[in-house]
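So the structure is just underneath, and the comments pick up after that.
A quick note: this is a predicted structure, and the numbers were derived from the prediction, not measured.
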Amino acid sequence: MPGVLPYRQDLSRAAVITESAGFERALAAAGDGLAALRRARDDGRLPLLTLPEARGDLAMIEARAAHHREHADDVVILGTGGSSLGGQALYALADSGFGPSGNAPRLRFLDNIDSHTFDHMFRSLDLARTDFLVISKSGGTAETLLQCLICLEALVDAVGRENAASHVTVIVEPGSNPLRHLAEAWGITVIDHDPGIGGRYAALTSVGLLPAVIAGLNPAALREGAQQVLHLSLNTAIGLDTSEPALGAALNTAPGARWSAVLAVYADRLAPFAMWFRQLWAESLGKDGQGTLPAPALGAVDQHSQLQLWLDGPDDKLFTVVTAETVGHGRIVSSELVEDDRLAWLAGRSMGDLLDAEARATIETLAECGRPVRQLHLERIDETTAGALMMHFMLETILAAHVLGVDPFDQPAVERSKVLARAYLAAMDRH
């Protein structure tokens with residue numbers, strides 16, 4: 001297993017936290033968490049930790065992806081939260097907003113229940129050439145069930161009841177649940193969601209890999225990147241100070257750490273990844289009065305909307321800035337086009353040159369203002385790096401939960417809202 005990760009983590013500008021005794025205590029606690037994860041991996045209690053080395057399910061995923069690639073011009077993914085965000089993060093590697101390359105269908109993620117959006121979709125897409133991927137771990141997610149029922153009705157109108165099932169794939173855990181029962185009644189292909197892997201940790205299962213493979217990405221490379229991070233973190237022969245997720249967990253949980261966790265990514269392809277991180281961090285750690293507020297940001301866009309607050313507002317934020325190799329990338333500004341002396345500094349420069357300069361300037365300016373900054377620098381943005389980043393943040397989140405003393409895998413406070421929503425829906429018939 002390679003010993004070098006496809007990213008570098010630099011904590012040197014977060015010395016206000018890392019040079020404190022509290023950081024050392026948090027790192028020691030994260031080390032205890034690593035030991036617990038090793039035990040969980042060895043006895044099979046946490047399937048997430050053995051998933052990256054698995055390859056047995058990839059043929060099934062690739063076969064189903066081939067069906068949708070041949071069958072559809074558009075594939076609509078229905079789901080919310082962890083059933084959607086991981087797939088969106090991976091799909092962004094293949095589609096920067098102008099459609100995927102090659103003959104892959106365009107993926108459209110509908111994770112909300114805005115009727116205007118669905119009405120517009122039904123008017124805009126050729127449903128005879130549209131497939132649907134419906135994802136819900138529990139099979140009882142109200143929003144996803146409603147989305148599915150409405151889309152099935154539209155499919156029946158477009159292609160007939162006898163043909164609708166071939167346009168749909170369902171991912172749901174085994175057992176008796178509403179979505180699985182619906183799929184079986186319609187004869188829809190069902191892929192089992194691993195019941196031991198929660199939705200927000202499921203990006204490297206079929207939940208994220210099926211959309212990724214439909215888009216033409218390499219699923220084995222995604223898992224290989226994740227396995228690299230796991231190996232370096234859980235290998236007992238490697239010191240604690242080389243576990244990048246443990247260092248990140250200690251940085252975020254040490255006494256004196258900040259209230260907000262800003263994740264600023266300097267690549268459009270990583271913007272959905274930042275949104276995936278937001279759910280992972282918030283839903284895993286926000287319990288018993290613990291947790292920090294995850295705040296996704298996109299450079300250089302947010303330099304023009306939030307940097308003033310970051311530099312001159314409250315010192316309550318820990319910044320993680322994700323950069324990539326961009327120098328020399330993109331078209332070069334021709335000196336012949338620069339007739340105004342005020343633009344001379346752009347002559348001979350590429351867009352990637354400016355992005356790199358702005359990212360470095362943001363990092364240094366934040367550090368000069370005493371704001372704690374962590375940099376994650378990517379050698380490249382591809383499947384291996386994406387898998388590594390996802391596993392890094394999943395481990396960092398689990399270890400942070402260990403330090404804080406909360407369960408990273410449940411979300412008990414959310415259940416009250418779900419109960420009330422169903423009660424309000426039922427009450428509508430009585431008015």
Side-chain angles (χ1 to χ4, degrees), residues 1 26-58 60-61 81-83 86 135-139 171-177 191-209 219 222-238 240 243-250 253 276 279-288 290-291 387-412 414-415:
M1 178 64 62
L27 186 58
D32 294 338
L34 279 176
L37 287 179
R38 291 187 193 103
R39 293 191 295 271
R41 177 198 58 188
D42 294 343
D43 63 22
R45 283 185 291 115
L46 198 56
L48 174 66
L49 302 181
T50 56
L51 176 68
E53 65 190 29
R55 297 293 182 271
D57 61 336
L58 296 187
M60 175 273 296
I61 292 172
S83 295
I135 308 173
S136 169
K137 178 181 183 294
S138 68
I171 298 178
V172 65
E173 68 181 0
S176 178
N177 60 69
I191 296 174
D192 288 340
H193 191 303
D194 190 326
I197 299 179
R200 60 184 177 273
Y201 293 93
L204 298 176
T205 71
S206 58
V207 169
L209 293 192
L222 286 161
R223 286 190 178 165
E224 173 65 23
Q227 181 64 6
Q228 291 177 15
V229 176
L230 269 177
H231 174 75
L232 288 178
S233 286
L234 300 187
N235 188 336
T236 55
I238 298 175
L240 177 60
S243 171
E244 303 296 352
L247 290 166
T253 57
W276 169 82
Q279 186 212 2
L280 175 71
W281 193 257
E283 203 165 53
S284 298
L285 301 182
K287 296 153 194 173
D288 301 331
Q290 301 287 353
L389 278 180
M390 282 184 158
M391 184 53 66
H392 172 103
F393 279 103
M394 284 190 276
L395 290 178
E396 182 173 304
T397 300
I398 294 168
L399 294 173
H402 184 87
V403 177
L404 297 174
V406 299
D407 184 344
F409 303 114
D410 67 355
Q411 53 276 342
V414 178
E415 299 308 315

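Residues satisfying the salt bridge (charged side-chain N to carboxylate O under 4.0 Å, His left out) criterion with D288, sequence neighbours excluded, are absent altogether. Under the side-chain contact (heavy atoms from CB on, under 4.5 Å) criterion, D410 pairs with K287, D407, P412, not counting sequence neighbours. Shown here are the salt bridge (charged side-chain N to carboxylate O under 4.0 Å, His left out) partners of R39, two or more places apart in sequence or in another chain: there are none. Listed by chain and number, the residues in a ring-ring contact (aromatic ring centres under 6.0 Å, His included) with H392 are Y7 (sequence neighbours excluded). Partners of W276 according to the side chain to side chain donor-acceptor pair (under 3.5 Å) rule, which considers only residues two or more places apart in sequence or in another chain, do not exist here. Taking the side-chain contact (heavy atoms from CB on, under 4.5 Å) definition, one finds that S83 meets it with I135, sequence neighbours left out. Residues satisfying the side chain to side chain donor-acceptor pair (under 3.5 Å) criterion with R200, sequence neighbours excluded, are E283, S284, Q411. Scanning for side-chain contact (heavy atoms from CB on, under 4.5 Å) contacts around A250 gives F23, A26, L27, with sequence neighbours left out. Every salt bridge (charged side-chain N to carboxylate O under 4.0 Å, His left out) that R45 has, sequence neighbours left out, goes to D43. Every side-chain contact (heavy atoms from CB on, under 4.5 Å) that D194 has, sequence neighbours left out, goes to P47, I197.
Residues A30 and V403 share a closest heavy-atom pair of N-CG2, 3.7 Å. The shortest heavy-atom contact between N177 and S138 is CB-O, 3.2 Å.
The salt bridge (charged side-chain N to carboxylate O under 4.0 Å, His left out) contacts involving residues 27-37 comprise nothing, where partners must be two or more places apart or lie in separate chains. Sorted by first and then second residue, the pairs that involve residues 388-402 and meet salt bridge (charged side-chain N to carboxylate O under 4.0 Å, His left out), not counting sequence neighbours, are R374-E396.
Side-chain atoms of L46 and F409, non-hydrogen and from C-beta on, do get closer than 4.5 Å to each other. Under the 4.5 Å side-chain criterion, counting only non-hydrogen atoms from C-beta, P245 is not in contact with F393. Proximity of M394 to L48: side-chain heavy atoms (C-beta onward) are separated by under 4.5 Å at one or more points.
Side-chain N or O atoms of K137 include none that pairs as donor or acceptor with a backbone N or O of G198 at under 3.5 Å. A donor-acceptor pair under 3.5 Å is formed between the side chain of Q279 and the backbone N or O of G82. No donor-acceptor distance shorter than 3.5 angstrom exists from the side chain of R41 to the backbone of L49, with no hydrogens or angles considered. Checking side-chain atoms of T205 against main-chain N and O of A202 turns up a donor-acceptor pair under 3.5 Å.
Atoms CD1 and CZ, on I61 and R55 in that order, are 11.0 Å from each other to the nearest 0.5 Å.
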Worked check of side-chain contact (heavy atoms from CB on, under 4.5 Å) between L230 and L395: CA-CA 8 Å; L230 269 177; L395 290 178; 4.0 Å; yes

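Between R223 and D57, at least one side-chain N (NZ, or NE/NH1/NH2) sits under 4.0 Å from a carboxylate O, which counts as a salt bridge.
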